[in-house]
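Taking it in order: structure first as C-alpha cells, then the write-up.
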Amino acid sequence: MVDLPDKAERFIDWYLAAVEAAELTDKRYEVKGMNIWTPYGMQSRRALDALLVREVERIGSRAIEFPTLIPQPQFEKEKEHVKGFDDQVYWVTKGGASALDIPLVLRPTSETAMYPVFALWVRSHRDLPLNVYQIVSVFRYETKTTRPFLRVREIHFFEEHTCQADEARATARVEEDLAAFERMAAALALPFAASRRPDWDKFPGAHYSIALDIPVGQGRTLQIGTVHHYRENFSRPYGIQYEDPAGTLRYVHQTTFGLSERLLGAVVAVHGDRRGVVFPSILAPVQVVLVPIAAPGGGAAPVEAARGLADRLRDRGLRVHVDDSDERPGAKYYRWESRGVPLRLEIGPREASAGTVTAVNRLGERTVLGPGELDRAVADALSAFDRTLTARAESAFRSAFSVATKLEELSGSTTVRVVPWCGQEACGHRIEAAIEGGVLGTPERPLPVDPGAPGPCIACGERSGARWVLAGRPL
RNA sequence: GGGUCUGUGGGGUAGCUUGGUCCAUCCUUCGGGGUUCGGGACUCCGAGACGCCAGUUCAAAUCUGGCCAGACCCA
C-alpha cells in the first residue's frame, strides 16, 4: 500500500486516493461521472439516507416517488428554471427505433415533474401543508471535471418539496429545514455555514436560496445542500392553488430542500487524514472492527474472545466485523483505518485471559477496556470518539474563516473570507474576481468569528448599507 | 466554442527524444503453497497492460494521420 498524497498541499489528489483506498466507489464505469457504488460505499450511503429520512420525517415530511422522465412542455413552463438547466439536461428522444412525438428529459431535479401533480393534490387549505420528499437519481450533464461524490452526472439526490399556505409559512418551513439539517450535520460532526446566496447565484426560479457550505481547508468550500423559498414562482405557472377558509383561491408558496451524496464527500473531505477516510460512527459501514492477535503456538483464545464480544456488540445494534484473516495485525490496522472504521479492538492472548480489550479509535486514542461490561464500555468509547471528532471539526471550522476589508487581501486566501459588501452586483463580481471564487452570501447563522459592525464596501468603499458576506473558493 | 497536454495490467509507473536489446520495468493488487503473527512480514509459484483504427517500415509501446477518452488554460 502506498501513502496518500499530502492533504493540505494536494487536496484533490488526496481526496481521490482516500476514496479509492476506502473502496467506496468503483469509478471504472464507462460513462463519465457515473460511478458504481460498491458494497462498502453502499452501506455508508444507506446509513446517510437513514439519517436524512429520520430527521426530515421528524419535521413532518413523507416519502413519495415520481417518475424519472419529464415531458418537454411540462419541463419548460417556468422560464428561469429552464434557462438554468438547459445546457445540463439529458434528453430521451427515441422509443425503440422511432422518434418520440414529445421528447422527454431525464430529471435534473423534480420541480417540473411534481408540480403539475401538486396542482391536482392541493385543492383546499386542508391539504396544506404538503411536505414530501424523495431520494432518487437525478441527471445533470456536468461539463466540468467529474469527481466521486463531489461532481457527478448521475446524482443520488434527496429532495424535499413543500407547499405552504402563504409566504410566512414558507419562510417558517425554510427555518424548519435548516434546523433539521443542523441535526443531521451534528450527527455527522460537520460544522457548516448557511448563506443566503446573492441573486445571480440563486436556484433558477427561486425567490431566494440558502446554501449550506462546508469549509474543507485552504479557503475551499463545498456546497452540500440548499434550501429554497420559491414564493409563488412555480405555483403560478403550474397552477397550484387552494381555497382558503374564506373561499378565496390562492397560490401556494413553495419551498424545497436538496442534498446529495456530496454530503458523503464532505465527510471524507473534512474528517479524512493521512491514512484515509474517517467515518463518524453513524455513517460507518463497520463501526467496530475486532482484531484477534494469534498467540505464539496458535491458541484459539483470542479469536474466541473476539467472536463472543462481537456477538454481544451486535446485540446492542452495532455494526461489527471480526477480522480473523491471515494477515499480520499491522496490515489489518492500516486496512481498517483507510476504510474509516471508528473503533478497533485488539484482543491478544493477554487480553483474552484478562477479559479486557485494547481499544484504539480512528483518531489514535488508545484505552484498555474491561474486564467486565465490555459491550457497554465499547459503546461508550464509540460515543467518545464521536465527541472528539466533533470537537476536532469545530476547531478546524473556527479557524477556517477570517475577516478581510481590502480587495488585495483576497487573492490567495487560505480561509473563507468575511467581507463587507454594499449589495451591488458589480461589487460582488469584483469580490469574486479578487478571490478567484464566489460570494457565498450573507450568513444565516452566527459566524465563528465576530467581525463587529461592517465598514465600507470592500469593492467600492460605499459606507452606507454594507453588510458582511462570505466569500470563498467553491470546489 | 478555442488552445495546450496526456492515454502502458485492477491502481500507480519505467520505457517513447534516437523504432530492433520489450513475447514490456518496478511498486502495489489478485489466486495458490510454505514459514510467520502485539503497527504495512518473508519466500516460492501463478494471473494481469501498450485507448481505438489506419498508415510508414524488414521491424511500431516508440514515428505519422484520424477517432475516442481524460486533464489543464482561455472564452
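Proteins come first, then strands; the chains are lettered A, B, ... in the order of their sequence lines, and each starts at number 1.
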### Message
I need a per-nucleotide contact map over nucleotides 33-38 of chain B, read 5' to 3'. Cutoff is protein heavy atoms under 4.0 Å; write B for the base, S for backbone only, - otherwise.
### Response
---BBB
### Query
Which parts of nucleotides 45-52 of chain B does protein reach within less than 4.0 Å, heavy atoms only, written one letter per nucleotide 5' to 3' as B for base, S for sugar-phosphate only and - for none?
--------
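B:rC22 and B:rA61: their P atoms are spaced 13 Å apart (whole Å). The separation of B:rU13 from B:rG7, taken at their C1' atoms, amounts to 13 Å, rounded to a whole angstrom. Of the P atoms belonging to B:rC23 and B:rG70, the separation is 33 Å, rounded to the nearest Å. To the nearest whole angstrom, the two P atoms, one in B:rU56 and one in B:rG65, are 15 Å apart. Comparing B:rC50 with B:rG9, their C1' atoms are spaced 10 Å from each other, to the whole Å. Distance noted for atom P between B:rA41 and B:rU28: 11 Å (whole Å).
Residue A:Tyr141 qualifies as open at atom OH: its count of foreign heavy atoms under 6.0 Å is 12 or below.
Counted by atom type alone, A:Tyr230 and A:Glu111 present one or more donor-acceptor pairs between their side chains at under 3.5 Å. Between the side chains of A:Arg366 and A:Thr358, no donor-acceptor pair is found at a separation under 3.5 Å. Under 3.5 Å, the side chains of A:Ser137 and A:Glu154 contain a donor-acceptor pair of N or O atoms. A side-chain donor from one of A:Glu159 and A:Ser110 sits under 3.5 Å from a side-chain acceptor of the other.
We find that A:Lys32 and A:Glu142 are not joined by a salt bridge, their nearest charged nitrogen and carboxylate oxygen being 4.0 Å or further apart. A:Arg314 and A:Asp311 are joined by a salt bridge, as a carboxylate oxygen and a charged side-chain nitrogen come within less than 4.0 angstrom of each other.
Taking atom CG on A:Asn35 and atom C1' on B:rG11, their separation rounds to 15 Å, with Å as the unit. Regarding A:Lys27, its NZ atom lies at a distance of 13 Å from the P atom of B:rG70, rounded to whole Å. Taking atom CG of A:Asp323 as the reference point, atom P of B:rG40 lies 15 Å away to the nearest angstrom.
A:Lys144 pairs by the side-chain contact (heavy atoms from CB on, under 4.5 Å) definition with A:Arg151, not counting sequence neighbours. Take A:Pro198 and apply the side-chain contact (heavy atoms from CB on, under 4.5 Å) test, not counting sequence neighbours, and it matches A:Trp200, A:Asp201, A:Trp421, A:Val439.
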Any N/O pairs under 3.5 Å between the protein and nucleotides 71-75 of chain B? List them or say none.
{"from": "B:rA71", "atom 1": "OP1", "to": "A:Thr145", "atom 2": "OG1", "distance (Å)": "3.4"}
{"from": "B:rC72", "atom 1": "OP2", "to": "A:Thr145", "atom 2": "OG1", "distance (Å)": "2.4"}

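A cation-pi arrangement, defined by a distance under 6.0 Å to the six-membered ring centre and an angle within 45 degrees of its axis, is absent between A:Arg147 and A:Tyr15. Note that A:Arg140 lies in the cation-pi zone of A:Phe157, set by a 6.0 Å cut-off to the ring centre and a 45° limit from the axis.
A:Arg28 contributes no side-chain N or O that forms a donor-acceptor pair with the base of B:rG11 under 3.5 Å.
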### Message
Evaluate A:Phe149 against A:His156 for ring pair (Phe, Tyr, Trp, His ring centres under 6.0 Å), listing each step before the verdict.
### Response
CA-CA 9 Å; A:Phe149 308 134; A:His156 180 68; over 10 Å; no
### Query
Going through the checks in order, is the ring pair (Phe, Tyr, Trp, His ring centres under 6.0 Å) test met by A:Phe257 and A:His228?
CA-CA 6 Å; A:Phe257 174 22; A:His228 307 290; 9.6 Å; no
### Task
Take A:Phe75 and A:Phe85 through the test ring pair (Phe, Tyr, Trp, His ring centres under 6.0 Å) and record every step on the way to the result.
CA-CA 10 Å; A:Phe75 180 68; A:Phe85 283 103; 7.3 Å; no
### Query
When Watson-Crick pairs (N1 to N3 and N6-O4 or O6-N4) and G-U wobble pairs (N1-O2 and O6-N3) count only below 3.5 Å on both distances, what is the dot-bracket string of RNA chain B, with | for other-strand pairs?
(((((((..(((.......[.....)))(((((((.....)))))))...(((((..]....)))))))))))).
